[in-house]
Amino acid sequence: MKKFILIIIGVATFIGGCSQPKSKEIAKVDKQDKIVERPNILVILCDDLGYSDVGFNGAKDIKTPALDKLAKDGTIFSSAYVAHPFCGPSRTSLMTGRYSHKIGAQFNLPPNSETIGKGVDLNETFISKVLQESGYETGVMGKWHLGSTPQYHPNNRGFDDFYGFLGGGHKYFPEEYLATYEKQKKQGVKVIFEYLVPLEHNGKEVRETEYLTDALSHEAIRFVKDASKKEKPFFLYLSYNAPHVPLEAKKEDLEKFAAIKDEKRRTYAAMVYAVDRGVNEIEEALKATGQFENTLIVFLSDNGGKTTQGATNYPLSKGKGSTQEGGYRVPMFFHWPNKVPAGKRFDYPVSALDFYPTFAGLANAKIPEGKKLDGKDIWNDFLAGKNAHKDENIYVLRHREGYTDVGARHNQWKALKVEQKPWQLFNIDEDLAEKNDLSDSHPDILKELVLKTEEWSKTHMQPKWFHDEKTGIEWRKDSMPHFDKTFSLIP
């Protein structure tokens, strides 16, 4: 029986047949000379999903029954971090295994990035390429946001199959965005806003007819069904943009949340439910094709929820864009029958940076010589219930106008710099909301963390792009990043 890894960061829908899947290629032999087959890997990523907006993390008003069941039967990660508190840089780190600041990708690419011709450094080998070159069938469905010109296209970054959109977001109802697109096209608009352009399949424009979340689910189904017939494993990155703005939900999903009076929250909840609905269909399809028992499911978001757009991150402080916990600590679980412990919580910190080496390890894939990685293979430590990052630092850094916010976690301690205020120190194990500043009680711990973080900052590059022209002008005018001020402990 083949093994599967399903990493969920969003939703999917998969309808399969009832026949048993074909055997995959033999990848390696274990110490007892037993055949060990390489796993399929399915990554599903939610976009701007709040920490407390799924049932397994405490949501009361949003229904996520499929996710909750999988989480209950698997292991919930209470301390899962992404490498940046907003979209593009977070996804960059997922694909490259590196802090985006080290490769000049610490800002979102601007809307319609094809006009500037930039994208994630071509010298950085994506995990998709590593798996593709080791014999995997690879696909990405949904949001890309890593470069829109040909050299940065998914098909040139290790993905055999791409269905979705290249920018940072999109409208959800095709009858609306296609009508506007056609109107502007007839008017001779040269650069049409990326949220309105038709989806594409491997570079060819397609006229989708379904609500976007459902459409991406169905394309994931197509890929999985096709890939399962081949004599090799597959890697699928299902990159949803839900529940990212614009807040647009199907009428039947909205009706399920009539009790929520706040309009934004109600629409947001319906969008999350659409994700959950897809996860349920995936689970049913995996069972129907005999694959469920050998599938690892990992579910998470690309960053914290945007609280001004209906999301919540309780008990964490702040949300998307912040270096406080609510900005980059995300909901996550692993599920894999008889492999991942059931009914457990894993409270040690893990990072999305760890996915690259962990996937490569599980797939017995060769990482290119000289490839730099900022995460580590956590699989064995996870199974043993050990802290893979004991005595190591996990960083987050976000540039703002004229200054920088930073967070650095070391075991239970977190040093925090926000809003140009003095550095603070928190025992994050006991104070998730970051309310009790302990900097006066433990000045030596704070100083050591700040010095280590400053040392880390010296590995950063100047940004290769900015999310808008104004930010770039101000950055150069202010001679940013001013790390001398950022890492000063003198108020």
**Q.** N/O donor-acceptor pair under 3.5 Å between D48 side chain and G305 backbone
**A.** no
Q: Check whether any side-chain heavy atom of D226 lies under 4.5 Å from a side-chain heavy atom of F234, and answer yes or no.
A: no
Q: Could you tell me whether D262 and K264 have a side-chain N and a carboxylate O separated by less than 4.0 Å?
A: no
Q: For residues L109 and H145, report the shortest heavy-atom separation together with the two atoms involved.
A: O-NE2, 3.7 Å
Q. Between E176 and E248, is any pair of side-chain heavy atoms under 4.5 Å apart?
A. yes
Q. Got a salt bridge between D53 and R265, using NZ or NE/NH1/NH2 to carboxylate O under 4.0 Å?
A. yes
**Q.** Partner of K102 under side-chain hydrogen bond (donor to acceptor under 3.5 Å, both in side chains), chosen from D374, T96, D121
**A.** D374
Q. Do the two ring centres, one from F165 and one from H170, sit under 6.0 Å apart?
A. yes
(Q) As an exercise, state the distance from CD of Q412 to CD1 of I445, rounded to the nearest 0.5 Å. (A) 7.0 Å
Q.
Under a 3.5 Å distance rule, please check whether S228 uses its side chain to pair with a backbone N or O of V224 as donor and acceptor.
A. yes
Q. What's the verdict on side chain to side chain contact (heavy atoms under 4.5 Å, CB included) for L199 and Y177, showing C-alpha distance, side-chain angles and the deciding distance?
A. CA-CA 10 Å; L199 304 185; Y177 68 73; 3.9 Å; yes
Q) Strictly under 6.0 Å, is that where the ring centroids of W144 and Y152 end up? A) no
(Q) A side-chain contact here means heavy atoms from C-beta on lying under 4.5 Å apart; do L432 and R329 qualify? (A) yes
Q.
For R222, is there an ion pair with D161 - N to carboxylate O distance below 4.0 angstrom?
A. yes
Q: For D276 and L67, indicate whether the former's side chain and the latter's backbone hold a donor-acceptor pair under 3.5 Å.
A: yes
Q: Ignoring hydrogens and angles, state whether a donor on the side chain of S134 or R38 is under 3.5 Å from an acceptor on the partner side chain.
A: yes
**Q.** Heavy-atom side-chain contact between K376 and E392 under 4.5 Å
**A.** yes
Q.
Quick check on the 6.0 Å ring-centre criterion: do F77 and F333 meet it?
A. no
Q. Does N338 CG have over 12 foreign heavy atoms under 6.0 Å away?
A. no
**Q.** K371 atom NZ, over 12 foreign heavy atoms within 6.0 Å
**A.** yes
Q.
Could you walk me through whether R398 and D405 satisfy the salt bridge (Lys or Arg N to Asp or Glu O under 4.0 Å) test, starting with their C-alpha distance in whole Å, then the side-chain angles of each, then the deciding distance to 0.1 Å, before giving a yes or no?
A. CA-CA 5 Å; R398 186 259 169 95; D405 289 344; over 6 Å; no
Q. So, does T64 use its side chain to make a donor-acceptor pair with the main chain of V54 at under 3.5 Å?
A. no
Q) Take atom CD in E263; do more than 12 heavy atoms of anything else shown fall under 6.0 Å from it? A) no
Q. At their closest point, which heavy atom of T267 faces which heavy atom of L254, and how far apart are they?
A. CA-CD2, 3.7 Å
Q: Could you go through the side-chain hydrogen bond (donor to acceptor under 3.5 Å, both in side chains) check for N202 and N155 one step at a time?
A: CA-CA 7 Å; N202 293 335; N155 291 146; 3.1 Å; yes
(Q) In the structure I gave you, are the side-chain heavy atoms of S322 and P85 within less than 4.5 Å of one another anywhere? (A) no
Q | Partners meeting side-chain contact (heavy atoms from CB on, under 4.5 Å) with K69 (sequence neighbours left out) | A | D73, E283
Q) On the ring face of F257, is R266 found with NZ or CZ under 6.0 Å from the centre and within 45° of the axis? A) no
Q: For residues S317 and E434, report the shortest heavy-atom separation together with the two atoms involved.
A: CB-OE1, 4.1 Å
Q: Please say whether more than 12 non-hydrogen atoms of neighbouring residues, nucleotides or ligands are located less than 6.0 Å from NZ in K452.
A: no
Q.
Per the side chain to side chain donor-acceptor pair (under 3.5 Å) rule, what does the pair list look like for residues 349-363, sequence neighbours excluded?
A. D354-H389
Q) Which of parallel (below 30°), tilted (30 to 60°) and perpendicular (above 60°) describes W456 and Y99? A) perpendicular
Q) Would a distance-only check, ignoring hydrogens and angles, find a side-chain to backbone donor-acceptor pair under 3.5 Å from T138 to G158? A) yes
(Q) Is the distance between the ring centroids of Y328 and Y81 under 6.0 Å? (A) yes
Q) Does a donor on one side chain sit under 3.5 Å from an acceptor on the other, for Y163 and E208? A) yes
Q: Over all heavy atoms of both residues, which pair between L122 and R157 is shortest? Give the atoms and the distance, please.
A: CD2-NH1, 3.5 Å
(Q) Between Q132 and D160, do the side chains contain a donor N or O and an acceptor N or O under 3.5 Å apart? (A) yes
Q) Does T312 offer a backbone N or O that forms a donor-acceptor pair with the side chain of S52 under 3.5 Å? A) yes
Q | D47 with K320: basic N within carboxylate O range, under 4.0 Å | A | no
Q: Walk me through it: do D391 and N411 pass the test side-chain hydrogen bond (donor to acceptor under 3.5 Å, both in side chains)?
A: CA-CA 6 Å; D391 299 329; N411 297 330; 2.8 Å; yes
Q) Under 3.5 Å, side chain of T323 to main-chain N/O of L397, donor-acceptor pair present? A) no
Q) Is a side-chain N or O of N393 found less than 3.5 angstrom from the main chain of A408, in a donor-acceptor match? A) no
Q.
If you define the side chain from C-beta out and look only at heavy atoms, does anything of W336 sit under 4.5 Å from I297?
A. no
**Q.** Close side-chain approach of Y51 to S78, heavy-atom, < 4.5 Å
**A.** yes
**Q.** Audit row: S239, R91, side-chain hydrogen bond (donor to acceptor under 3.5 Å, both in side chains) steps and yes/no
**A.** CA-CA 9 Å; S239 175; R91 292 160 186 262; 2.5 Å; yes
Q) Between H218 and E210, is any side-chain donor less than 3.5 angstrom from a side-chain acceptor? A) yes
Q. Mind checking whether I41 and L362 have side chains closer than 4.5 Å, heavy atoms only?
A. no
Q.
Which residue is it: V140, I127, V120? I am looking for the one with a side-chain contact (heavy atoms from CB on, under 4.5 Å) to M95.
A. I127
Q) If you measure from the Lys or Arg side-chain nitrogens to the Asp or Glu carboxylate oxygens, is any gap between R277 and D214 under 4.0 Å? A) yes
Q: Would you confirm whether N303, through its side chain, and C87, through its main-chain N or O, come within 3.5 Å as a donor-acceptor pair?
A: yes
Q. Of the non-hydrogen atoms in F223 and M141, which two are nearest, and what is the gap between them?
A. CB-CE, 3.9 Å
Q | Modelled atom types, side-chain donor and acceptor of N40 and Y136, under 3.5 Å | A | no
Q: Count the heavy atoms of every other residue, nucleotide or ligand shown that sit under 6.0 Å from NZ of K318, and state whether that count exceeds 12.
A: no
**Q.** Nearest heavy atoms of G50 and N313, plus distance in Å
**A.** CA-OD1, 3.3 Å
Q: Determine, step by step, whether E325 and K414 satisfy the side chain to side chain contact (heavy atoms under 4.5 Å, CB included) criterion, reporting the C-alpha distance in whole Å, the side-chain angles of both residues, the deciding distance to 0.1 Å, and the verdict.
A: CA-CA 10 Å; E325 292 293 289; K414 179 179 177 181; 2.8 Å; yes
Q. Are F162 and H201 an aromatic pair by the rule of ring centers under 6.0 Å?
A. no
Q.
Is it the case that atom OH in Y348 sees more than 12 heavy atoms from other parts of the structure closer than 6.0 Å?
A. no
Q. Centroid-to-centroid, F346 to F382, below 6.0 Å?
A. yes
